[in-house]
Amino acid sequence: MNKDIFLTNSLGNKKEKFIPIDENNVGMYVCGPTVYDDPHIGNARPLVVFDILFKVLKCKYGNKSVSYIRNITDVDDKIIQSSNEKKISIEELTKKVTINYHSDCDYLKCDKPNKEPKATEHISLMVKMAEDLIKKKYAYVNKNHVYFEVKKFKDYGKLSNKNLEELIAGSRVEISENKKNPEDFVLWKPSKNNEPSWESPWGKGRPGWHLECSVMSKKYLGIKFDIHGGGRDLIFPHHENEIAQSRCANDTDKFANYWVHNGFITISNEKMAKSQGNILKINDFKKKINGQVLRLALISSHYKQPLDWNDKLINDCQKILNKWYECHVEVNKKVLIPEDSLSPLYEDLNTPGYIANIHKLYDKAYNGSVKDKQIFTTACNFIGLLTDSKDKWLNFKKEKSNISEKEILLKIEERDKARKNKDYKLSDKIRDELINKGVLIEDKDGKTTWKIK
RNA sequence: GGCAUCGUGGCGGAAUGGUUACGCAGAGGAUUGCAAAUCCUUCUAUCCCAGUUCGAUUCUGGGCGAUGCCUCCA
């Protein structure tokens, strides 16, 4: 499609036309997980949002012209803490969480990024960047720590709309005697004996939080690239500090050109937080709900807006997909999605607008030709929906159910007999029995079908 | 306190300087032994007050209200 892509750039907070540095080599870096605990539904949102942005970019520029880099942070204070709490080694913890994370990505039908670099595999580059920053006088060493001196970077606060005076006045920044100024942040710090550590010019230690993204984005996308994404909460301090480090280390006027941030998920209108005890892990849904349902729910509001997670949302999405699968057909050839239908996705990734268009395509497909059904299915596939066959979709819940198919079919047979004898009391009784066991009966075209409620 | 975001029908949720999506729920109908599912039809909305304008829900200012960030939480 010739249409331009528009994105809301957090840097300046305006919707802007997306112009890549090089159309044949579009780069997107998204902050992936810190692997200290299994991913929750809040982590799922950026996974799905940026997966769709990835798809839109590939649609516009071609599959081979887009690089999607999503890191895994596997060294961090939270990991150390979590490994102590869980009483397992750091290696075991990060390995386990990473496996679960990948399984969640599959479950949510996300395309694989081009590269998924790990922080621990790039420590030497982080040391190098810290050295560069010291050499260039943007950073200083004190008692085996390396700090970035925020004052030296004149554009600090541009992304998050903050100025230094306010930050200091707020005085909520960690105060440390080692720092020259309270706003300075750590590039390298010493490790205690039982903590992970690497050799460095400043003694054994480990990197500060932000350094891995600066280093890995540089390695895989270069010193300037197109899109940097993540959750809203990362704007400050994480992304602000990334910009400071990277631009100073690389002597550039820009780091990423477009900053894209997704909004937060609330759980039944409450903030999702450990203290609320309402953190929903992605893994907990796998038994009962198809990943496509979560995916649809996650894009049911615009990515910038908050999204409330509740039972009605899940039920609605489940119903919509049940309905949509009625019109699902196998598509083996290339089918074009009408430009009018696709265009909301180009307008700042307006997924609700696109979903509305899919509803319209469904209406057309329902009484339409095979071609209409193919267009409808293709439009769903584009955002990772209806990607399974109809059978697989229908069998998902049957497989997860604890009532056997044999038992159900026996009951249905029994009920059919009763219906033929016009013994509706008995037939309704059997139906109620099955409903109580979670099995829904439907008499359709003279045949009785069933599904798990 | 500072910086942002938001306020659309019963609910969720887009868009828009003029005729306002889409989904759920509701109503009526088709279908059904009755249901369910599905199909067809259909009712309902732009927080308040000024201003700009031929015309504002959309732009500007003010008010009220909600939320987020400023705490290594996506």
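Chain A is the first sequence line, chain B the second, and so forth, proteins listed ahead of strands; every chain is numbered from 1. Computed from a predicted model, the values in this text were never measured in an experiment. What's counted below: heavy atoms across the whole structure, side chains too, no hydrogens, waters or symmetry copies.
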Asks: Looking for any heavy atom pair under 4.0 Å, which part of the strands does A:Lys304 touch: base, sugar-phosphate only, or nothing?
Replies: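 The residue A:Lys304 makes no contact with any strand.
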Asks: Which protein N or O atoms sit under 3.5 Å from an N or O of nucleotides 39-44 of chain B?
Replies:
residue : atom : partner  : partner atom : Å
B:C39   : OP1  : A:Tyr362 : OH           : 3.1

Asks: Just to verify, what does A:Ser83 make a side chain to side chain donor-acceptor pair (under 3.5 Å) with, not counting sequence neighbours?
Replies: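 Residues passing side chain to side chain donor-acceptor pair (under 3.5 Å) with A:Ser83: none at all.
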Asks: What residues from residues 292-302 of chain A pass a heavy-atom cutoff of under 4.0 Å to RNA chain B?
Replies: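 Only A:Ser300, A:Ser301, A:His302 qualify.
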Asks: In whole angstrom, what separates A:His238's NE2 from B:C73's C1'?
Replies: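 It is 13 Å, rounded to the nearest whole Å.
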Asks: Quick one: stems for RNA chain B, with Watson-Crick or G-U pairs under 3.5 Å, at least three in a row?
Replies: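 Correct response: B:1-7 with B:64-70, B:10-12 with B:22-24, B:26-30 with B:38-42, B:47-51 with B:59-63.
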Asks: Given the ring of A:Tyr220, does A:Lys115 sit roughly above its face, with NZ or CZ under 6.0 Å from the centre of the six-membered ring and within 45° of the axis?
Replies: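 No cation-pi geometry.
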Asks: Counting any heavy atom closer than 4.0 Å, what does A:Gln305 reach on the DNA or RNA strands: base, sugar-phosphate only, or nothing?
Replies: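 Touches sugar-phosphate only.
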Asks: In whole angstrom, what separates A:Asn262's CG from B:U5's P?
Replies: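 That distance rounds to 17 Å.
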Asks: Which residues pass the side chain to side chain contact (heavy atoms under 4.5 Å, CB included) test with A:Thr73, sequence neighbours left out?
Replies: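 Result, side chain to side chain contact (heavy atoms under 4.5 Å, CB included) vs A:Thr73: A:Thr34, A:Asn71, A:Asp76, A:Glu212.
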Asks: To the nearest angstrom, how far is A:Asn161 atom CG from B:G68 atom P?
Replies: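 One finds 19 Å between P of B:G68 and CG of A:Asn161, rounded.
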Asks: Would you kindly give the CH2-to-C1' distance between A:Trp209 and B:U71, to the nearest whole Å?
Replies: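 To the nearest whole Å, that distance equals 11 Å.
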Asks: Ring centres within less than 5.5 Å and planes less than 30° apart: is that true of A:Tyr424 and B:G33 in this structure?
Replies: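 It does: the two rings, one from A:Tyr424 and one from B:G33, meet the stacking criterion.
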Asks: Select base, sugar-phosphate, or nothing to describe what A:Ile320 touches, counting heavy atoms under 4.0 Å on all strands.
Replies: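 Since only primed, P, OP1 and OP2 atoms lie under 4.0 Å of A:Ile320, the category is sugar-phosphate.
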Asks: Quick check on contacts: within residues 72-81 of chain A, what sits under 4.0 Å from RNA chain B by heavy-atom distance?
Replies: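 Under 4.0 Å from RNA chain B: A:Asp76, A:Lys78.
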Asks: How close or far is atom P of B:U5 from atom CG of A:Asn9, stated in whole angstroms?
Replies: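 For the pair A:Asn9 CG and B:U5 P, the rounded distance is 14 Å.
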Asks: Please report, rounded to the nearest Å, how far the P atom of B:G33 is from the CZ atom of A:Arg431.
Replies: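 So the CZ-P distance, A:Arg431 to B:G33, works out to 11 Å.
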Asks: Residues two or more places apart in sequence or in another chain: which of them pass salt bridge (charged side-chain N to carboxylate O under 4.0 Å, His left out) with A:Asp155?
Replies: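 A:Asp155: salt bridge (charged side-chain N to carboxylate O under 4.0 Å, His left out) contacts with A:Lys158, A:Arg247.
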Asks: Classify the side chain of A:Asp428 and the base of B:G33 as holding, or not holding, a donor-acceptor pair under 3.5 Å.
Replies: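 Flag set: donor-acceptor pair detected.
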Asks: With sequence neighbours excluded, give me every salt bridge (Lys or Arg N to Asp or Glu O under 4.0 Å) pair touching residues 356-370 of chain A.
Replies: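 Sorted result for residues 356-370 of chain A: empty, none.
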Asks: What contact category does A:Arg70 fall into here, base, sugar-phosphate, or nothing, at under 4.0 angstrom with non-hydrogen atoms?
Replies: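 The residue A:Arg70 makes no contact with any strand.
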Asks: How many whole angstroms separate atom CG of A:Leu361 from atom C1' of B:G23?
Replies: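 About 15 Å, once rounded to whole Å.
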Asks: Hey, can you pull the residues of residues 438-452 of chain A with a non-hydrogen atom under 4.0 angstrom from RNA chain B?
Replies: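 Within this stretch, A:Leu440, A:Ile441, A:Glu442, A:Asp443 sit under 4.0 Å of the strand.
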Asks: For the side chain of A:Ala356, starting at C-beta, report the closest nucleotide among B:C34, B:A74, B:A21.
Replies: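 The closest nucleotide is B:A21.
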Asks: Among the candidates B:A15, B:G23, B:C72, find the nucleotide nearest to the side-chain atoms of A:His359.
Replies: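 My answer, after comparing the listed nucleotides, is B:G23.
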Asks: I'd like to know if the side chain of A:Arg206 pairs up with that of A:Ser191 as donor and acceptor (distance under 3.5 Å, no hydrogens or angles considered).
Replies: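 Result is yes, a qualifying pair exists.
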Asks: Scan residues 314-324 of chain A for pairs that pass salt bridge (Lys or Arg N to Asp or Glu O under 4.0 Å), counting only residues two or more places apart or in two chains.
Replies: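 Qualifying pairs, neighbours excluded: A:Lys312-A:Asp316.
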Asks: Near RNA chain B, under 4.0 Å by heavy atom, which residues of residues 29-42 of chain A?
Replies: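 Of all residues in residues 29-42 of chain A, the ones placing a heavy atom under 4.0 Å from RNA chain B are A:Tyr36, A:His40, A:Gly42.
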Asks: Going by number, which of residues 309-319 of chain A have a non-hydrogen atom under 4.0 Å from RNA chain B?
Replies: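 Only A:Lys312, A:Asp316, A:Lys319 qualify.
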